[in-house]
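The structure appears below as C-alpha coordinates.
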Amino acid sequence: MEEERSKKKAESDTSKPSELEKYWQVVKDNPSDFGGWTYLLHYVEQENNIEAARKAFNTFFKHYPYCYGYWKKFADMEKNLNNLEAAEKIFEEGTKAIPLSVDLWIHYINFFKSQQGDSEDSYEKIKALFKRALAAAGREFRSDRLWDLYVNWEEENKNLKEVTAAYDELLTIPTQLYSHHFEKFRKHVKKNHPREILSTDEFLELWQNVVNTLKHDAVLDEDDDDEKIADKNSDASPPGMETDDAPPDQEALFSREDFGKSPAKELEGLFGL
(Lines give C-alpha, C1' and ligand atoms only; values in the text may rest on other atoms or scores of the structure.)
Protein backbone atom coordinates (compact mmCIF):
# COMPACT_ATOMS: atom_id res chain seq x y z
CA MET A 1 0.00 0.00 0.00
CA GLU A 2 2.77 2.41 0.97
CA GLU A 3 4.65 1.58 -2.21
CA GLU A 4 1.57 2.33 -4.30
CA ARG A 5 1.15 5.73 -2.63
CA SER A 6 4.78 6.65 -3.32
CA LYS A 7 4.36 5.65 -6.94
CA LYS A 8 1.24 7.82 -7.33
CA LYS A 9 3.00 10.78 -5.65
CA ALA A 10 5.96 10.48 -8.03
CA GLU A 11 3.61 10.34 -11.02
CA SER A 12 1.79 13.40 -9.73
CA ASP A 13 5.04 15.34 -9.31
CA THR A 14 6.22 14.56 -12.83
CA SER A 15 2.89 15.61 -14.27
CA LYS A 16 3.21 19.11 -12.77
CA PRO A 17 4.54 21.69 -15.21
CA SER A 18 7.94 23.15 -14.48
CA GLU A 19 8.46 26.88 -13.89
CA LEU A 20 9.76 27.23 -17.43
CA GLU A 21 6.70 25.47 -18.85
CA LYS A 22 4.42 27.77 -16.88
CA TYR A 23 6.04 30.87 -18.38
CA TRP A 24 5.87 29.32 -21.84
CA GLN A 25 2.20 28.50 -21.42
CA VAL A 26 1.37 32.17 -20.81
CA VAL A 27 2.84 33.32 -24.12
CA LYS A 28 1.50 30.32 -26.00
CA ASP A 29 -2.00 31.22 -24.83
CA ASN A 30 -1.49 34.88 -25.73
CA PRO A 31 1.51 35.63 -27.99
CA SER A 32 0.72 39.35 -27.85
CA ASP A 33 1.23 39.45 -24.08
CA PHE A 34 4.49 41.43 -24.02
CA GLY A 35 4.69 41.26 -20.24
CA GLY A 36 4.48 37.48 -20.41
CA TRP A 37 7.41 37.42 -22.80
CA THR A 38 9.52 39.63 -20.55
CA TYR A 39 8.90 37.26 -17.61
CA LEU A 40 9.88 34.29 -19.75
CA LEU A 41 13.07 35.95 -20.99
CA HIS A 42 13.97 37.12 -17.50
CA TYR A 43 13.55 33.58 -16.22
CA VAL A 44 15.80 31.96 -18.85
CA GLU A 45 18.41 34.67 -18.23
CA GLN A 46 18.41 33.92 -14.50
CA GLU A 47 18.63 30.19 -15.07
CA ASN A 48 21.49 30.76 -17.55
CA ASN A 49 20.20 27.84 -19.61
CA ILE A 50 21.43 28.71 -23.07
CA GLU A 51 19.34 26.14 -24.90
CA ALA A 52 16.16 27.37 -23.21
CA ALA A 53 17.28 30.97 -23.83
CA ARG A 54 17.85 30.37 -27.53
CA LYS A 55 14.37 28.92 -27.96
CA ALA A 56 12.76 31.74 -25.96
CA PHE A 57 14.62 34.63 -27.59
CA ASN A 58 14.27 33.32 -31.14
CA THR A 59 10.54 32.84 -30.69
CA PHE A 60 10.20 36.26 -29.05
CA PHE A 61 11.92 38.00 -31.98
CA LYS A 62 9.38 36.52 -34.39
CA HIS A 63 6.77 38.60 -32.59
CA TYR A 64 8.87 41.59 -31.44
CA PRO A 65 11.90 42.05 -33.74
CA TYR A 66 12.37 45.75 -32.95
CA CYS A 67 13.33 45.46 -29.27
CA TYR A 68 17.03 46.26 -29.57
CA GLY A 69 17.70 45.76 -25.85
CA TYR A 70 16.74 42.10 -26.05
CA TRP A 71 19.03 41.52 -29.03
CA LYS A 72 21.84 42.85 -26.85
CA LYS A 73 20.81 40.68 -23.87
CA PHE A 74 20.76 37.58 -26.06
CA ALA A 75 24.15 38.37 -27.61
CA ASP A 76 25.62 39.07 -24.17
CA MET A 77 24.45 35.67 -22.92
CA GLU A 78 26.28 33.94 -25.76
CA LYS A 79 29.35 36.14 -25.29
CA ASN A 80 29.50 35.42 -21.55
CA LEU A 81 29.51 31.71 -22.35
CA ASN A 82 32.34 32.34 -24.84
CA ASN A 83 30.08 31.53 -27.78
CA LEU A 84 31.54 34.41 -29.76
CA GLU A 85 30.43 33.30 -33.21
CA ALA A 86 26.88 32.90 -31.95
CA ALA A 87 27.02 36.36 -30.37
CA GLU A 88 28.22 37.93 -33.62
CA LYS A 89 25.47 36.14 -35.53
CA ILE A 90 22.87 37.59 -33.14
CA PHE A 91 24.23 41.11 -33.67
CA GLU A 92 24.09 40.55 -37.42
CA GLU A 93 20.48 39.39 -37.24
CA GLY A 94 19.58 42.24 -34.92
CA THR A 95 21.03 44.98 -37.11
CA LYS A 96 19.25 43.48 -40.12
CA ALA A 97 15.97 43.54 -38.22
CA ILE A 98 16.43 47.13 -37.00
CA PRO A 99 19.12 48.76 -39.16
CA LEU A 100 18.30 52.23 -37.83
CA SER A 101 19.10 51.29 -34.23
CA VAL A 102 22.13 53.41 -33.36
CA ASP A 103 22.37 51.75 -29.93
CA LEU A 104 22.49 48.23 -31.34
CA TRP A 105 25.16 49.20 -33.89
CA ILE A 106 27.26 50.72 -31.11
CA HIS A 107 26.98 47.56 -29.00
CA TYR A 108 27.89 45.46 -32.04
CA ILE A 109 30.90 47.62 -32.92
CA ASN A 110 32.22 47.58 -29.35
CA PHE A 111 31.84 43.80 -29.22
CA PHE A 112 33.51 43.40 -32.60
CA LYS A 113 36.42 45.67 -31.66
CA SER A 114 37.04 43.67 -28.48
CA GLN A 115 37.36 40.48 -30.52
CA GLN A 116 39.83 41.74 -33.11
CA GLY A 117 42.91 42.13 -30.93
CA ASP A 118 46.07 43.07 -32.81
CA SER A 119 45.45 41.14 -35.99
CA GLU A 120 46.93 42.66 -39.15
CA ASP A 121 43.59 43.29 -40.80
CA SER A 122 41.76 44.43 -37.69
CA TYR A 123 41.67 48.07 -38.81
CA GLU A 124 40.12 47.20 -42.16
CA LYS A 125 37.54 44.88 -40.59
CA ILE A 126 36.50 47.36 -37.91
CA LYS A 127 36.32 50.21 -40.40
CA ALA A 128 34.16 48.11 -42.72
CA LEU A 129 31.70 47.55 -39.85
CA PHE A 130 31.72 51.27 -39.02
CA LYS A 131 30.94 52.06 -42.66
CA ARG A 132 28.05 49.61 -42.64
CA ALA A 133 26.68 51.16 -39.47
CA LEU A 134 27.00 54.72 -40.77
CA ALA A 135 25.42 53.80 -44.09
CA ALA A 136 22.47 52.25 -42.26
CA ALA A 137 21.95 54.66 -39.35
CA GLY A 138 24.37 57.55 -39.81
CA ARG A 139 21.79 59.93 -41.24
CA GLU A 140 19.44 59.54 -38.29
CA PHE A 141 18.76 62.69 -36.27
CA ARG A 142 20.12 61.00 -33.11
CA SER A 143 23.10 59.28 -34.71
CA ASP A 144 25.60 61.54 -32.90
CA ARG A 145 27.02 58.86 -30.60
CA LEU A 146 27.74 56.60 -33.54
CA TRP A 147 29.60 59.39 -35.36
CA ASP A 148 31.54 60.30 -32.20
CA LEU A 149 32.55 56.66 -31.76
CA TYR A 150 33.85 56.51 -35.34
CA VAL A 151 35.68 59.86 -35.26
CA ASN A 152 37.33 59.04 -31.92
CA TRP A 153 38.42 55.65 -33.24
CA GLU A 154 40.05 57.20 -36.32
CA GLU A 155 41.78 59.76 -34.09
CA GLU A 156 43.09 56.97 -31.86
CA ASN A 157 44.54 55.37 -34.98
CA LYS A 158 46.13 58.73 -35.98
CA ASN A 159 44.22 58.78 -39.27
CA LEU A 160 43.63 62.53 -39.33
CA LYS A 161 42.70 62.67 -43.00
CA GLU A 162 39.99 60.09 -42.34
CA VAL A 163 38.76 62.26 -39.46
CA THR A 164 38.46 65.20 -41.86
CA ALA A 165 36.61 63.02 -44.36
CA ALA A 166 34.22 61.92 -41.61
CA TYR A 167 33.44 65.52 -40.67
CA ASP A 168 33.05 66.36 -44.35
CA GLU A 169 30.13 63.93 -44.45
CA LEU A 170 28.83 64.43 -40.92
CA LEU A 171 28.47 68.20 -41.24
CA THR A 172 26.08 67.78 -44.15
CA ILE A 173 23.66 65.91 -41.85
CA PRO A 174 21.33 67.85 -39.51
CA THR A 175 21.91 65.71 -36.42
CA GLN A 176 20.70 66.60 -32.95
CA LEU A 177 24.19 67.66 -31.79
CA TYR A 178 25.33 69.39 -34.97
CA SER A 179 26.97 72.31 -33.17
CA HIS A 180 28.89 69.86 -30.97
CA HIS A 181 30.40 68.22 -34.04
CA PHE A 182 31.17 71.58 -35.61
CA GLU A 183 33.11 72.66 -32.53
CA LYS A 184 35.03 69.39 -32.55
CA PHE A 185 35.84 69.97 -36.22
CA ARG A 186 37.16 73.43 -35.41
CA LYS A 187 39.48 71.99 -32.77
CA HIS A 188 40.61 69.28 -35.18
CA VAL A 189 41.59 71.89 -37.75
CA LYS A 190 43.23 74.29 -35.31
CA LYS A 191 45.49 71.76 -33.64
CA ASN A 192 46.77 70.03 -36.80
CA HIS A 193 48.80 71.23 -39.78
CA PRO A 194 46.80 71.36 -43.04
CA ARG A 195 49.06 68.78 -44.67
CA GLU A 196 48.14 66.29 -41.93
CA ILE A 197 44.39 66.59 -42.38
CA LEU A 198 44.03 67.14 -46.14
CA SER A 199 44.87 64.95 -49.09
CA THR A 200 47.85 66.10 -51.16
CA ASP A 201 45.62 67.27 -54.00
CA GLU A 202 43.36 69.24 -51.63
CA PHE A 203 46.32 70.82 -49.86
CA LEU A 204 48.04 71.93 -53.07
CA GLU A 205 44.79 73.24 -54.54
CA LEU A 206 44.04 75.30 -51.46
CA TRP A 207 47.60 76.56 -51.33
CA GLN A 208 47.38 77.73 -54.93
CA ASN A 209 44.16 79.55 -54.08
CA VAL A 210 45.99 81.30 -51.27
CA VAL A 211 48.86 82.33 -53.53
CA ASN A 212 46.48 83.69 -56.16
CA THR A 213 44.43 85.55 -53.57
CA LEU A 214 47.48 87.14 -51.99
CA LYS A 215 48.77 88.22 -55.37
CA HIS A 216 45.41 89.76 -56.13
CA ASP A 217 45.40 91.60 -52.80
CA ALA A 218 48.92 92.82 -53.45
CA VAL A 219 47.86 94.41 -56.74
CA LEU A 220 44.88 96.10 -55.11
CA ASP A 221 47.06 97.46 -52.34
CA GLU A 222 49.79 98.80 -54.63
CA ASP A 223 49.20 102.35 -53.53
CA ASP A 224 49.26 101.37 -49.88
CA ASP A 225 52.16 100.81 -47.59
CA ASP A 226 54.92 99.00 -49.52
CA GLU A 227 56.03 97.25 -46.39
CA LYS A 228 52.67 95.56 -46.00
CA ILE A 229 52.84 94.28 -49.57
CA ALA A 230 56.29 92.85 -48.96
CA ASP A 231 55.04 91.05 -45.86
CA LYS A 232 52.19 89.45 -47.79
CA ASN A 233 54.46 88.29 -50.59
CA SER A 234 56.87 86.73 -48.11
CA ASP A 235 53.98 84.82 -46.51
CA ALA A 236 53.04 83.35 -49.86
CA SER A 237 56.23 81.32 -50.42
CA PRO A 238 55.48 78.05 -52.27
CA PRO A 239 55.67 74.63 -50.49
CA GLY A 240 59.24 73.56 -49.83
CA MET A 241 60.49 77.16 -49.82
CA GLU A 242 59.11 78.27 -46.47
CA THR A 243 61.47 79.95 -44.10
CA ASP A 244 59.21 78.96 -41.25
CA ASP A 245 57.39 75.63 -41.43
CA ALA A 246 54.83 76.56 -38.79
CA PRO A 247 51.18 76.12 -39.88
CA PRO A 248 49.34 79.17 -41.20
CA ASP A 249 47.20 81.23 -38.86
CA GLN A 250 44.46 78.70 -38.22
CA GLU A 251 42.24 81.18 -36.41
CA ALA A 252 41.48 82.53 -39.88
CA LEU A 253 39.60 79.32 -40.64
CA PHE A 254 36.53 80.54 -38.85
CA SER A 255 36.59 84.18 -39.80
CA ARG A 256 33.29 83.47 -41.57
CA GLU A 257 30.88 81.84 -39.18
CA ASP A 258 28.57 80.07 -41.59
CA PHE A 259 27.30 76.73 -40.30
CA GLY A 260 25.86 75.95 -43.69
CA LYS A 261 29.28 75.61 -45.32
CA SER A 262 30.86 72.24 -45.90
CA PRO A 263 34.21 71.52 -44.15
CA ALA A 264 35.98 71.79 -47.50
CA LYS A 265 34.79 75.39 -47.86
CA GLU A 266 35.65 76.21 -44.27
CA LEU A 267 39.14 74.84 -44.78
CA GLU A 268 39.80 77.48 -47.42
CA GLY A 269 39.86 79.96 -44.56
CA LEU A 270 42.79 78.07 -43.06
CA PHE A 271 45.09 80.02 -45.36
CA GLY A 272 43.42 83.34 -44.68
CA LEU A 273 40.94 83.39 -47.56
Going hydrophobic residue to hydrophobic residue with side-chain gaps under 4.5 angstrom, can you get from Leu149 over to Leu100? no
Close side-chain approach of Val44 to Asn49, heavy-atom, < 4.5 Å: no
Does the side chain of Ile90 reach to within under 4.5 Å of the side chain of Lys72, using non-hydrogen atoms? no
Side-chain donor or acceptor of Glu140 paired with backbone N/O of Ala137 under 3.5 Å: no
Looking only at heavy atoms, the pair that brings Ser32 and Asn30 closest together is OG-OD1, 2.7 Å
Test item: Trp71 side-chain N/O and Phe91 main-chain N/O as donor-acceptor pair under 3.5 Å: no
Using every non-hydrogen atom in the two residues, find where Leu177 and Asp144 come nearest and quote the distance to one decimal. N-OD1, 3.1 Å
When rounded to the nearest 0.5 angstrom, what is the spacing between CG in Leu20 and NZ in Lys55? 7.5 Å
Nearest 0.5 Å, please: how far is CD1 in Ile126 from CG in Leu129? 8.5 Å
Should Phe141 and Ile98 be counted in the same cluster of Ile, Leu, Val, Met, Phe, Trp and Tyr side chains packed under 4.5 Å apart? no
Any luck finding a side-chain donor-acceptor pair between Ser101 and Asp103 under 3.5 Å? no
Tyr64 atom OH: more than 12 heavy-atom contacts under 6.0 Å: yes
Ignoring hydrogens and geometry, is there a side-chain-to-backbone donor-acceptor pair from Asn80 to Asp76 under 3.5 Å? yes
Main chain of Glu21, side chain of Ser18: is a donor-acceptor contact present, judged purely on distance under 3.5 Å? yes
Any non-hydrogen side-chain atom of Tyr70 less than 4.5 Å from a side-chain atom of Trp37? no
Distance from Leu171 atom CG to Lys184 atom NZ, nearest 0.5 Å? 11.0 Å
In plain terms, say whether Glu92 and Lys89 are close enough for a salt bridge, that is, a side-chain N and a carboxylate O under 4.0 Å apart. no
Of all heavy-atom pairs between Gly36 and Val27, which one has the smallest distance, and what is that distance? C-CG1, 3.5 Å
Flag yes if more than 12 heavy atoms outside Phe34 fall under 6.0 Å of its CZ atom; otherwise flag no. yes
Is the distance between the ring centroids of His181 and Trp147 under 6.0 Å? no
Is it the case that atom CD in Glu124 sees more than 12 heavy atoms from other parts of the structure closer than 6.0 Å? yes
Side chains of Gln25 and Asp29: donor-acceptor distance under 3.5 Å anywhere? yes
Would you say that Glu85 contacts Glu78 through its side chain, given a criterion of any heavy-atom pair below 4.5 Å between the two side chains? no
Within the distance-only criterion (no hydrogens, no angle test), does the side chain of Asn83 pair as donor or acceptor with the backbone N or O of Ala86 below 3.5 angstrom? no
What do you reckon, is NZ of Lys73 surrounded by more than 12 foreign heavy atoms closer than 6.0 Å? no
Taking atom types as modelled and ignoring hydrogens, do the side chains of Glu154 and Tyr150 form a donor-acceptor contact shorter than 3.5 angstrom? yes
Between the side chain of Tyr66 and the main-chain N/O of Ala97, is any donor-acceptor distance below 3.5 Å? no
Is there a chain of hydrophobic side chains (I, L, V, M, F, W, Y, each step under 4.5 Å between heavy atoms) that links Phe60 to Val26? no
Looking only at non-hydrogen atoms, find the nearest pair between Tyr178 and Leu170 and report the distance. CE1-O, 4.5 Å
Quick check for you: to the nearest 0.5 Å, what is the distance between Thr175 atom OG1 and Phe182 atom CZ? 12.5 Å
Thr164 (side chain) donor-acceptor with Ile197 (main chain) under 3.5 angstrom: yes
For Gly138 and Ile173, work out which heavy atoms get closest and say how close. O-CD1, 3.6 Å
Taking the side chain as C-beta and beyond, is there a heavy-atom pair between Leu84 and Asn82 under 4.5 Å? yes
Report the distance from atom CD1 of Ile50 to atom CD of Glu45, rounding to the nearest 0.5 Å. 10.0 Å
Would you indicate whether His42, at its atom NE2, is surrounded by more than 12 heavy atoms from other residues, nucleotides or ligands within a distance under 6.0 Å? no
Working to the nearest 0.5 Å, report the span between SG of Cys67 and CG of Leu104. 11.5 Å
Taking only residues two or more places apart in sequence, or in another chain, which ones meet Glu162 in a salt bridge (charged side-chain N to carboxylate O under 4.0 Å, His left out)? Lys127
Would Lys96 and Glu93 pass as an ion pair if we require N to O under 4.0 Å? no
Parallel, tilted or perpendicular: ring planes of His188 versus Tyr167, cut at 30 and 60 degrees: tilted
Identified ring pair (Phe, Tyr, Trp, His ring centres under 6.0 Å) partner of Phe130 from the options Trp153, Trp105, Tyr123: Trp153
Of all heavy-atom pairs linking Lys79 and Ala87, the shortest is N-CB, 4.0 Å
